[in-house]
A.B. asks: 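After the structure tokens below, expect a handful of questions from me.
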Amino acid sequence: MHELYKLNNKTIYDKNTTILYTSTFNYIEDAIFFINNHCVVITKERDDYLPIVKNEYYELFDELELKNKQDLTEIDKLKIKILSSLSSENKIYVFFNVLTYLPNKFKTKLVNYIKSQNKIIINYTTDIEETLLLEYLIVFHNEKIIMEGKKEYVLQEEKILKKLGFNLPSIVELSIGLKYYGLVNKIYFNSKELVDSLWK
């Protein structure tokens, strides 16, 4: 792995990472400068113009109706911004509290597509459910890294997460309950895998 950038002197490596932060988080200027100069950065801030999207991306994401739509919603504009960014040659995609606004189908396709291109995703979010999208998880509070590691390990630290104001992702909480009653034998982080296990 190679160093991507630093978060309060903590090295962030080039692997798909969720940075789960509390509302007290302030972006670090040096990190933002580094990100903006080396990555595709997607924020929810409005742009004054609509970027150009290649037809192949409209088709790939089943969003052809966006191409000629007149009255675009803020979500529509965000989708267009993201789809236009997929033409970039940059290897790193950074999402700043953006994915939570997208429909699940679009979000899942987006993450899978970027991964399929051998590119890296860094997702800053306050949404615990989004921690299931990527493999590595950093929990950030008061400009300090509280926990980090593979999501499967970090998301089992229920007491620490609840102290920071987070509940567990719904599928994790459900599987913990099912495991307690002996209906499954492990904790699941994917709804399809949990359903498949229950139907065996």
Side-chain angles (χ1 to χ4, degrees), residues 4-36 39-47 73-82 85 92-115 119-176 187-191:
L4 178 58
Y5 66 99
K6 288 185 181 292
L7 182 67
N8 273 27
N9 294 318
K10 171 65 184 179
T11 299
I12 306 300
Y13 291 101
D14 57 350
K15 55 189 169 186
N16 294 310
T17 301
T18 302
I19 299 176
L20 180 69
Y21 66 93
T22 59
S23 57
T24 59
F25 177 76
N26 291 314
Y27 301 140
I28 302 162
E29 289 184 9
D30 288 346
I32 294 293
F33 178 80
F34 187 98
I35 288 168
N36 275 290
C39 310
V40 176
V41 179
I42 306 292
T43 67
K44 60 188 177 192
E45 279 72 24
R46 298 178 188 177
D47 290 330
T73 66
E74 292 305 313
I75 301 302
D76 292 335
K77 292 175 183 177
L78 183 56
K79 285 181 178 179
I80 289 171
K81 182 195 289 191
I82 290 169
S85 75
I92 311 295
Y93 279 77
V94 182
F95 296 97
F96 279 106
N97 208 16
V98 163
L99 298 185
T100 190
Y101 295 97
L102 298 171
N104 285 334
K105 184 179 177 182
F106 186 96
K107 187 187 320 187
T108 302
K109 276 191 174 184
L110 175 65
V111 169
N112 289 340
Y113 177 78
I114 294 173
K115 286 181 179 180
K119 297 187 177 184
I120 301 297
I121 300 170
I122 305 295
N123 181 36
Y124 283 80
T125 184
T126 56
D127 186 348
I128 193 73
E129 297 293 335
E130 285 181 24
T131 60
L132 301 177
L133 292 170
L134 305 173
E135 297 75 35
Y136 202 78
L137 174 58
I138 295 172
V139 180
F140 200 71
H141 174 69
N142 283 342
E143 299 189 2
K144 294 180 182 177
I145 291 174
I146 306 300
M147 295 185 290
E148 70 169 309
K150 291 183 178 180
K151 68 183 176 194
E152 291 85 355
Y153 299 112
V154 176
L155 290 176
Q156 293 188 53
E157 297 293 340
E158 185 175 4
K159 288 183 180 179
I160 297 174
L161 289 168
K162 287 197 170 180
K163 190 174 180 181
L164 294 172
F166 297 109
N167 291 317
L168 293 176
S170 55
I171 195 68
V172 176
E173 200 157 31
L174 176 60
S175 65
I176 287 173
I187 298 171
Y188 287 86
F189 300 86
N190 178 289
S191 57

A.B. asks: What distance do Asn123 atom CG and Leu99 atom CG have between them, rounded to the nearest 0.5 Å?
C.D. replies: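 CG of Leu99 is found 4.5 Å from CG of Asn123.
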A.B. asks: Between Thr108 and Lys105 (side chain of the first, backbone of the second, donor and acceptor by atom type, cut-off under 3.5 Å), is there such a pair?
C.D. replies: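 Not a single qualifying donor-acceptor pair exists.
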A.B. asks: In the structure I gave you, are the side-chain heavy atoms of Val98 and Ile82 within less than 4.5 Å of one another anywhere?
C.D. replies: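 Answer yes - side chains close enough.
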A.B. asks: Report the residue from Ile120, Val41, Ile114, Val40 that forms a side chain to side chain contact (heavy atoms under 4.5 Å, CB included) with Ile92.
C.D. replies: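 Only match with Ile92 under side chain to side chain contact (heavy atoms under 4.5 Å, CB included): Ile120.
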A.B. asks: Check for a donor-acceptor pair, side chain of Tyr101 on one end and backbone N or O of Glu74 on the other, with a separation under 3.5 Å.
C.D. replies: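 Absent.
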A.B. asks: Taking all atoms of both residues into account, what is the closest heavy-atom pair of Val154 and Gly149, and its distance?
C.D. replies: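 Closest heavy-atom pair between Val154 and Gly149: CG2-N, 3.6 Å.
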A.B. asks: If we only count heavy atoms from C-beta on, is the Leu133 to Ile121 side-chain gap below 4.5 Å?
C.D. replies: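 Not in contact.
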A.B. asks: Would you check if the side chain of Gln156 reaches a backbone N or O of Glu152 as a donor-acceptor pair within less than 3.5 Å?
C.D. replies: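 Checked: pair present.
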A.B. asks: Please answer whether the main-chain N or O of Leu137 pairs with a side-chain N or O of Lys151 as donor and acceptor at a distance below 3.5 Å.
C.D. replies: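 Such a contact is absent between Lys151 side chain and Leu137 backbone.
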A.B. asks: Around Tyr113, counting heavy atoms of other residues, nucleotides and ligands shown, do more than 12 lie under 6.0 Å from its OH?
C.D. replies: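 Above 12, so yes.
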A.B. asks: So do Phe189 and Val172 actually touch side chain to side chain, heavy atoms under 4.5 Å?
C.D. replies: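 Side chain of Val172 against side chain of Phe189, heavy atoms only: contact under 4.5 Å found.
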A.B. asks: Could you tell me whether the side chain of Thr18 reaches within less than 4.5 Å of the side chain of Ile138, counting heavy atoms only?
C.D. replies: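 No, side chains not in contact.
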A.B. asks: Working to the nearest 0.5 angstrom, can you tell me the gap between Lys159 NZ and Glu157 CD?
C.D. replies: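 If I round to the nearest 0.5 Å, the distance is 10.0 Å.
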A.B. asks: Please report the interatomic distance CG(Leu132) to OG(Ser170), rounded to the nearest 0.5 Å.
C.D. replies: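 Between Leu132 CG and Ser170 OG, I get 7.5 Å after rounding to 0.5 Å.
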A.B. asks: Determine the minimum heavy-atom distance between Thr100 and Lys107, stating which atoms define it.
C.D. replies: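 Of all heavy-atom pairs spanning Thr100 and Lys107, the closest is CA-NZ, 4.1 Å.
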A.B. asks: Kindly indicate whether the side chain of Val139, heavy atoms from C-beta on, has any atom under 4.5 Å from the side chain of Leu161.
C.D. replies: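 Heavy-atom side-chain distance check passes, below 4.5 Å.
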A.B. asks: Looking at Thr43 and Leu78, what are the two nearest heavy atoms and their distance?
C.D. replies: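 Result for this residue pair: O-CD1, 4.0 Å.
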A.B. asks: When rounded to the nearest 0.5 angstrom, what distance separates NZ in Lys81 from NZ in Lys44?
C.D. replies: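 The NZ atom of Lys81 sits 11.0 Å away from the NZ atom of Lys44.
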A.B. asks: Please name the pair of heavy atoms, one in Thr22 and one in Asn142, separated by the smallest distance, quoted to 0.1 Å.
C.D. replies: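 Smallest interatomic distance, heavy atoms only, reads OG1-N, 4.3 Å.
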A.B. asks: Which pair of heavy atoms, one from Lys15 and one from Thr17, lies closest together, and at what distance?
C.D. replies: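 Answer, listing the atom of Lys15 first, then Thr17: O-OG1, 2.8 Å.
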A.B. asks: Compare all side-chain heavy atoms of Tyr21 with those of Thr126 and state whether any distance is below 4.5 angstrom.
C.D. replies: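 Yes; the side chains approach each other to less than 4.5 Å.
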A.B. asks: I need the full list of salt bridge (Lys or Arg N to Asp or Glu O under 4.0 Å) pairs touching residues 119-140, with sequence neighbours left out, sorted by first then second residue.
C.D. replies: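 Every salt bridge (Lys or Arg N to Asp or Glu O under 4.0 Å) pair that includes a residue of residues 119-140, provided the two are not neighbours, is Lys115-Glu135.
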A.B. asks: Say you draw a straight line from OH of Tyr93 to CD1 of Ile122; how long is it, rounded to the nearest 0.5 Å?
C.D. replies: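 Answer for the OH-CD1 pair, Tyr93 versus Ile122, is 13.5 Å.
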A.B. asks: List the steps, then state whether side-chain contact (heavy atoms from CB on, under 4.5 Å) holds for Thr125 with Leu20.
C.D. replies: CA-CA 5 Å; Thr125 184; Leu20 180 69; 4.3 Å; yes
A.B. asks: Measure across Ser191 and Ile171 and return the closest heavy-atom pair with its distance rounded to 0.1 Å.
C.D. replies: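 Distance-wise, the nearest heavy atoms are CA-CD1, 3.6 Å.
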A.B. asks: Which is it for Phe95 and Leu110 under the side-chain contact (heavy atoms from CB on, under 4.5 Å) test, yes or no, and what are the steps along the way?
C.D. replies: CA-CA 12 Å; Phe95 296 97; Leu110 175 65; 3.8 Å; yes
A.B. asks: Would you say that Ile128 contacts Leu155 through its side chain, given a criterion of any heavy-atom pair below 4.5 Å between the two side chains?
C.D. replies: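 The answer is yes, as the side chains (C-beta and beyond) meet within the 4.5 Å cut-off.
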